[in-house]
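Below is one structure, written out as structure tokens; comments come after it.
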Amino acid sequence: MARLPILRYPDPRLHTVARPVASVDERIRRLVDDMLETMYEADGVGLAATQVDVHERVIVMDTSEPRDRAVVLINPEIVARSEELKVSEEGCLSVPQIYDKVERHARVTVRALGRDGQPFELDAEGLASVCVQHEMDHLLGKVFVEYLSGLKRDRIRTKMLKKTREELRGE
């Protein structure tokens, strides 16, 4: 397994719409394993392939408290949403150290393929529901900061660009 570099907002590649996975083969299983390692090492609860510059419909997540129940969603589709909405504070591995409130459906049901290529459905609520919706946005080329006001988004963009420049200069 290998840790993959995570794209940082406002990298334009984060706005690429992911294409469906044609078949769950060894390449996809290796990608899943590398994404899981990357997510766990970065202390995240979810990661979409878009964030590691692979533009295919693959998500990994683990919202369990002991962090030992990884979920793999290949070609995920939301097939049901609650009418109830809930506001939660979100963060993102592509927008490090930035958190803000986003409104999402309280519960969702997702149909996907697992790491083994077999179809399954996942009923998600709480953090798992937020995570699924957040990561699926990535597959559509959307970053959570796009739910925020233009002013907040501009501030975050400026902060991220400054941080990247400082890191490149070794500060």
Side-chain angles (χ1 to χ4, degrees), residues 4 6-9 14-24 28-29 31-52 54-150 152-153 156:
L4 305 169
I6 298 171
L7 299 178
R8 184 180 289 168
Y9 180 81
L14 288 169
H15 298 293
T16 304
V17 176
R19 64 187 177 281
V21 170
S23 69
V24 181
I28 293 297
R29 285 188 287 277
L31 171 64
V32 163
D33 293 344
D34 291 346
M35 286 174 61
L36 283 166
E37 179 178 336
T38 302
M39 178 190 74
Y40 285 125
E41 282 189 24
D43 201 26
V45 295
L47 186 67
T50 301
Q51 294 176 271
V52 294
V54 176
H55 303 286
E56 294 182 83
R57 294 183 58 79
V58 178
I59 292 170
V60 297
M61 56 186 265
D62 186 347
T63 58
S64 70
E65 196 49 50
R67 311 277 290 136
D68 62 357
R69 281 184 251 142
V71 175
V72 175
L73 302 168
I74 300 170
N75 294 336
E77 293 176 68
I78 293 179
V79 295
R81 300 171 167 82
S82 66
E83 286 187 30
E84 178 190 357
L85 299 174
K86 188 173 182 189
V87 175
S88 301
E89 189 161 88
E90 292 187 27
C92 181
L93 294 176
S94 291
V95 194
Q97 300 170 337
I98 302 292
Y99 301 90
D100 215 314
K101 295 184 183 329
V102 177
E103 184 177 63
R104 299 201 185 262
H105 296 277
R107 290 173 303 288
V108 294
T109 300
V110 181
R111 184 178 299 136
L113 301 176
R115 186 183 183 281
D116 59 2
Q118 295 302 306
F120 72 101
E121 283 193 2
L122 171 72
D123 292 317
E125 61 181 304
L127 180 57
S129 176
V130 170
C131 187
V132 164
Q133 293 171 80
H134 176 110
E135 300 309 333
M136 287 188 69
D137 275 352
H138 278 300
L139 300 181
L140 298 172
K142 188 170 186 175
V143 181
F144 91 99
V145 297
E146 292 170 46
Y147 288 99
L148 308 178
S149 71
K152 280 187 178 180
R153 210 171 31 250
I156 292 167

Find out whether [X] and [Y] are in side-chain contact, i.e. whether some heavy atom of one side chain is under 4.5 Å from a heavy atom of the other.
X      : Y      : value
Ile28  : Ile74  : yes
Val143 : Val95  : yes
Pro76  : Met136 : yes
His134 : Cys92  : yes
Val45  : Arg67  : yes

Can a donor-acceptor pair be found, under 3.5 Å and without considering hydrogens, that links the side chain of [X] to the backbone of [Y]?
X      : Y      : value
His105 : Arg81  : no
Gln133 : Ser129 : yes
Asp137 : Lys142 : no
Asp62  : Asp68  : yes
Thr50  : Leu14  : no

For [X] versus [Y], what's the shortest heavy-atom pair and its separation?
X      : Y      : value
Val72  : Phe120 : O-CZ, 3.4 Å
Met39  : Met61  : SD-CA, 3.8 Å
Arg153 : Leu148 : NH1-O, 2.8 Å
Ser82  : Ala106 : OG-N, 3.2 Å
Glu121 : Arg111 : OE2-NH2, 3.0 Å
Ile6   : Ala42  : CD1-CB, 4.1 Å

When rounded to the nearest 0.5 angstrom, what is the spacing between [atom1] in [X] and [atom2] in [Y]?
X      : Y      : atom1 : atom2 : answer
Ser94  : Gln51  : OG    : CD    : 4.0 Å
Leu113 : Leu73  : CG    : CG    : 9.5 Å
Leu31  : Thr38  : CG    : OG1   : 9.0 Å
Phe144 : Ile156 : CZ    : CD1   : 6.0 Å
Arg57  : Leu139 : CZ    : CG    : 5.0 Å
Tyr147 : Lys152 : OH    : NZ    : 15.5 Å

| field | side-chain contact (heavy atoms from CB on, under 4.5 Å) between Val110 and Val79, worked out | value | CA-CA 6 Å; Val110 181; Val79 295; over 6 Å; no

| When you look at Asp100 and Glu89, which way does the side-chain contact (heavy atoms from CB on, under 4.5 Å) test go after all the steps? | CA-CA 5 Å; Asp100 215 314; Glu89 189 161 88; 5.8 Å; no

For [Y], is there an ion pair with [X] - N to carboxylate O distance below 4.0 angstrom?
X      : Y      : answer
Asp116 : Arg29  : no
Glu90  : Lys101 : no
Glu84  : Arg107 : yes

Hey, is [atom1] on [X] packed in by over 12 heavy atoms from elsewhere, all under 6.0 Å?
X      : atom1 : answer
Glu83  : CD    : no
Glu65  : CD    : no
Glu103 : CD    : yes

| query | How far apart are the C-alpha atoms of Leu93 and Leu47, what are their side-chain angles, what is the distance that settles it, and do they pass the side-chain contact (heavy atoms from CB on, under 4.5 Å) test? | reply | CA-CA 8 Å; Leu93 294 176; Leu47 186 67; 4.1 Å; yes

| For Val132, which of Thr63, Thr109, Val108, Leu127 qualifies under side-chain contact (heavy atoms from CB on, under 4.5 Å)? | Val108

